[in-house]
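To start, the structure under review is shown below, and the notes come after it.
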Number of protein chains: 2
Amino acid sequence: MKRMALKKIVERQTGVALWRQIADRIRLSISNGDYDATGMVPPETVLAQEFGVNRHTVRSALAALADEGLVRAVQGRGTMIERKDRVSYPISRRTRFSQGLGRQVKEIGTRLLGHAEVPASGEIGAALAVSPGSLLIELRTVSSGDGRPLSTSVSYYPADRFPRMAEEYALLGSVTKAFAAHGLDDYVRVSTELVARHAEAQELSLLQLSPGAIVMEAQSVNADLDGKPVEYSRTRFAADRMKLRIET
Amino acid sequence: MKRMALKKIVERQTGVALWRQIADRIRLSISNGDYDATGMVPPETVLAQEFGVNRHTVRSALAALADEGLVRAVQGRGTMIERKDRVSYPISRRTRFSQGLGRQVKEIGTRLLGHAEVPASGEIGAALAVSPGSLLIELRTVSSGDGRPLSTSVSYYPADRFPRMAEEYALLGSVTKAFAAHGLDDYVRVSTELVARHAEAQELSLLQLSPGAIVMEAQSVNADLDGKPVEYSRTRFAADRMKLRIET
DNA sequence: TACAGTTGTCTAGATCAATAGACATTTAGG
DNA sequence: CCTAAATGTCTATTGATCTAGACAACTGTA
């Protein structure tokens, strides 16, 4: 289906600047492959006409995208697309971070931001089915693909069963391996809840997002094969770098 | 865990107006139940201090939320919360729209916006495993719960197998029943891909969203029990009214 | 070299967003 | 009946956003 050259409307007086709306639309078009034929963004004058705004407004949008490293403008030639990918991340009964990304990224980085021992509280305690007040290990991490941050997580593990979680994770760089080091060889995803919202300040900095960006937040529980919960985690994905593939 | 009274930072010069950022944050707090104790939003002066902005800016944010019908301000008393729900929508092998919402909403509405017969094209044809150019039935719908729009869909069905899809759907108000009318009693979800992004103009109007709002877009394929695809659909959910529960 | 097409830069003005302060109006409670 | 606390309204000012137009600088091609 040839994509319709549909009118590219932007809304005024909405609290979202036109240049940001336009930047979002162009980013989407790039990731949809709309400009693959030329590898370039249409000329500023053309975009200005399509969106019904002044050329300067389009320039602000392109400047923001150039700032993200998504495009690069060359005087006299045009604005070239530098990057267009959106990584696909599978969510299934056997969700494993590094396996899922597979060949989409050459190099996967995981960084342990910090860890702590905290008492179980309402929501998290209930999800892990531990008695209130019992100790949990909390891990905070950021994961990236080819140097670009993709997600940030806060995860909780029962401290009595996985006492060395932080150390093993720091050493092995993988939750799956850290579980294995505690004698747990297999686990499955029990539940996942998804919400999309604007990123908060801390998420902007952790994920290196431009302000106003969107995150998808997944709250998930993993359990061992007996159905006993072993992990509760809250992962926030950079929405414009990822799509989630749900395998049922 | 008692929620930390963490500093509520808003970012300036980002192309997203402060009042809109604050409106988004308050909306999130309402849906998180942060204000359940009183049923009211904190006083404007308090919010202004928390966010580090002028009271007038907070007032703009609250005016936007009042416009959505989320809160109602009463002079001399305060700003009361009118609505706080975020509907949970399950995605599983047997995703059925109306069943999933269950008791969360009293009244489910589905409206057929229009239908058409279109030739199968690249992506959609491949997903449905039909030969290129063969005919598909396209349905465009909006679904709502208790009068609030929750999602809008575009769906495709092979015309040779489900020739009366549009008529049956219009009559029965349900895809499951329309399938049954064609002799298909059961079907399962094969794949789902999820993306979150800012809503486009058309989506804003269909879902009655305030500009700058977020939609979650799910592209899904359903198949009969022999694995033959019967439906390709693209559903956009109003992100601030829904959360998706993924059942694996 | 000439030229068309493109991005880069500058100036000026109009509109929107945010701050600041003052005061009015309404409500609930002592 | 007061008063404290809350929202409602008004004016003025500053900075960010958007429009408008003109022209400079660079690229590729004829």
Side-chain angles (χ1 to χ4, degrees), chain A residues 8-26 30 35 37-67 69-82 198 210-212, chain B residues 8-26 30 35 37-67 69-82 198 210-212:
Chain A
K8 292 176 181 168
I9 302 162
V10 282
E11 312 256 320
R12 288 152 197 270
Q13 300 174 12
T14 64
V16 182
L18 293 180
W19 64 263
R20 176 148 290 285
Q21 295 183 51
I22 291 170
D24 291 338
R25 297 282 294 268
I26 296 175
I30 290 174
Y35 306 141
T38 60
M40 302 184 78
V41 175
E44 294 168 353
T45 49
V46 173
L47 289 172
Q49 195 154 28
E50 279 182 357
F51 287 110
V53 302
N54 191 276
R55 180 176 153 235
H56 294 294
T57 309
V58 169
R59 282 180 62 75
S60 299
L62 290 175
L65 295 177
D67 216 52
L70 207 61
V71 300
R72 186 164 51 89
V74 176
Q75 189 171 156
R77 279 182 72 190
T79 303
M80 283 160 294
I81 294 169
E82 295 279 278
H198 290 112
S210 47
Chain B
K8 293 177 181 166
I9 301 161
V10 284
E11 312 256 321
R12 288 153 195 269
Q13 299 173 17
T14 64
V16 183
L18 293 180
W19 64 264
R20 176 148 290 285
Q21 295 183 51
I22 291 170
D24 291 339
R25 298 282 295 268
I26 296 176
I30 290 174
Y35 306 140
T38 59
M40 302 184 78
V41 174
E44 295 169 352
T45 49
V46 174
L47 289 172
Q49 196 154 28
E50 279 183 355
F51 287 109
V53 301
N54 192 276
R55 179 176 156 238
H56 294 294
T57 309
V58 170
R59 282 179 62 74
S60 298
L62 290 174
L65 294 177
D67 217 53
L70 207 62
V71 300
R72 186 163 52 90
V74 176
Q75 189 171 153
R77 282 182 69 191
T79 303
M80 284 159 297
I81 294 168
E82 295 279 278
H198 290 111
S210 46

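Numbered from 1 within each chain, the chains take letters A, B, ... in sequence-line order.
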Heavy atoms from C-beta onward define the side chain here; which of dG8(D), dT6(C), dA6(D) lies closest to that of Pro43(B)?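 Out of dG8(D), dT6(C), dA6(D), the nucleotide with an atom closest to Pro43(B)'s side chain is dA6(D).
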
dT7(D), dT7(C), dT17(D): which one has an atom nearest the side-chain heavy atoms of Ala73(A)?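 Taking heavy atoms from C-beta onward, the closest nucleotide is dT7(C).
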
[N] [atom2] sits how many Å from [X] [atom1], rounded?
| X | N | atom1 | atom2 | answer |
| --- | --- | --- | --- | --- |
| Arg59(A) | dA20(D) | CZ | P | 17 Å |
| Leu62(A) | dT6(C) | CG | P | 14 Å |
| Leu18(A) | dA16(D) | CG | C1' | 13 Å |
| Glu44(B) | dT26(C) | CD | P | 16 Å |
| Arg20(B) | dC16(C) | CZ | P | 16 Å |
| Asn54(A) | dC18(D) | CG | P | 10 Å |
| Phe51(B) | dA18(C) | CZ | P | 13 Å |
| Leu47(A) | dC18(D) | CG | P | 16 Å |

Using the test side-chain contact (heavy atoms from CB on, under 4.5 Å), find all partners of Asn54(B) that sit at least two apart in sequence or belong to another chain.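 Applying side-chain contact (heavy atoms from CB on, under 4.5 Å) to Asn54(B) gives His56(B), Thr57(B).
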
To the closest 0.5 Å, what do you measure between [atom1] ([X]) and [atom2] ([Y])?
| X | Y | atom1 | atom2 | result |
| --- | --- | --- | --- | --- |
| Leu65(A) | Thr79(A) | CG | OG1 | 9.5 Å |
| His198(B) | His198(A) | NE2 | NE2 | 3.5 Å |
| Arg25(B) | Glu50(B) | CZ | CD | 9.5 Å |
| Leu47(A) | Gln49(A) | CG | CD | 10.5 Å |

hbond_proxy His56(A) side chain to dG8(C) base (donor-acceptor, 3.5 Å cutoff):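 Result: no qualifying N/O pair found.
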
Is there a donor and acceptor pair, one atom on the side chain of Arg55(A) and one on the base of dG8(C), closer than 3.5 Å?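 For Arg55(A), whose side chain was compared with the base of dG8(C), there is a donor-acceptor pair (under 3.5 Å).
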
Within the structure shown, what part of the strands sits under 4.0 Å from Thr79(B) by heavy-atom distance: base, sugar-phosphate, or nothing?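 It contacts sugar-phosphate atoms only.
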
Sub-3.5 Å pairs of nitrogen or oxygen atoms, protein against nucleotides 27-30 of chain C:
residue	atom	partner	partner atom	Å
dA28(C)	OP1	Arg77(B)	NE	3.2

Partners of Arg55(B) by salt bridge (charged side-chain N to carboxylate O under 4.0 Å, His left out), sequence neighbours excluded?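 If we apply the salt bridge (charged side-chain N to carboxylate O under 4.0 Å, His left out) test to Arg55(B), skipping adjacent residues, the hits are Glu44(B).
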
Side-chain N or O of Thr57(B) versus OP1/OP2 of dT19(C): is the shortest distance under 4.0 Å?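 Checking dT19(C) against Thr57(B), a side-chain N or O does come within under 4.0 Å of OP1 or OP2.
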
Can you tell which of Val41(B), Asp67(B), Ile22(B), Leu70(B) makes a side-chain contact (heavy atoms from CB on, under 4.5 Å) with Leu62(B)?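 Among Val41(B), Asp67(B), Ile22(B), Leu70(B), the one that satisfies the side-chain contact (heavy atoms from CB on, under 4.5 Å) with Leu62(B) is Val41(B).
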
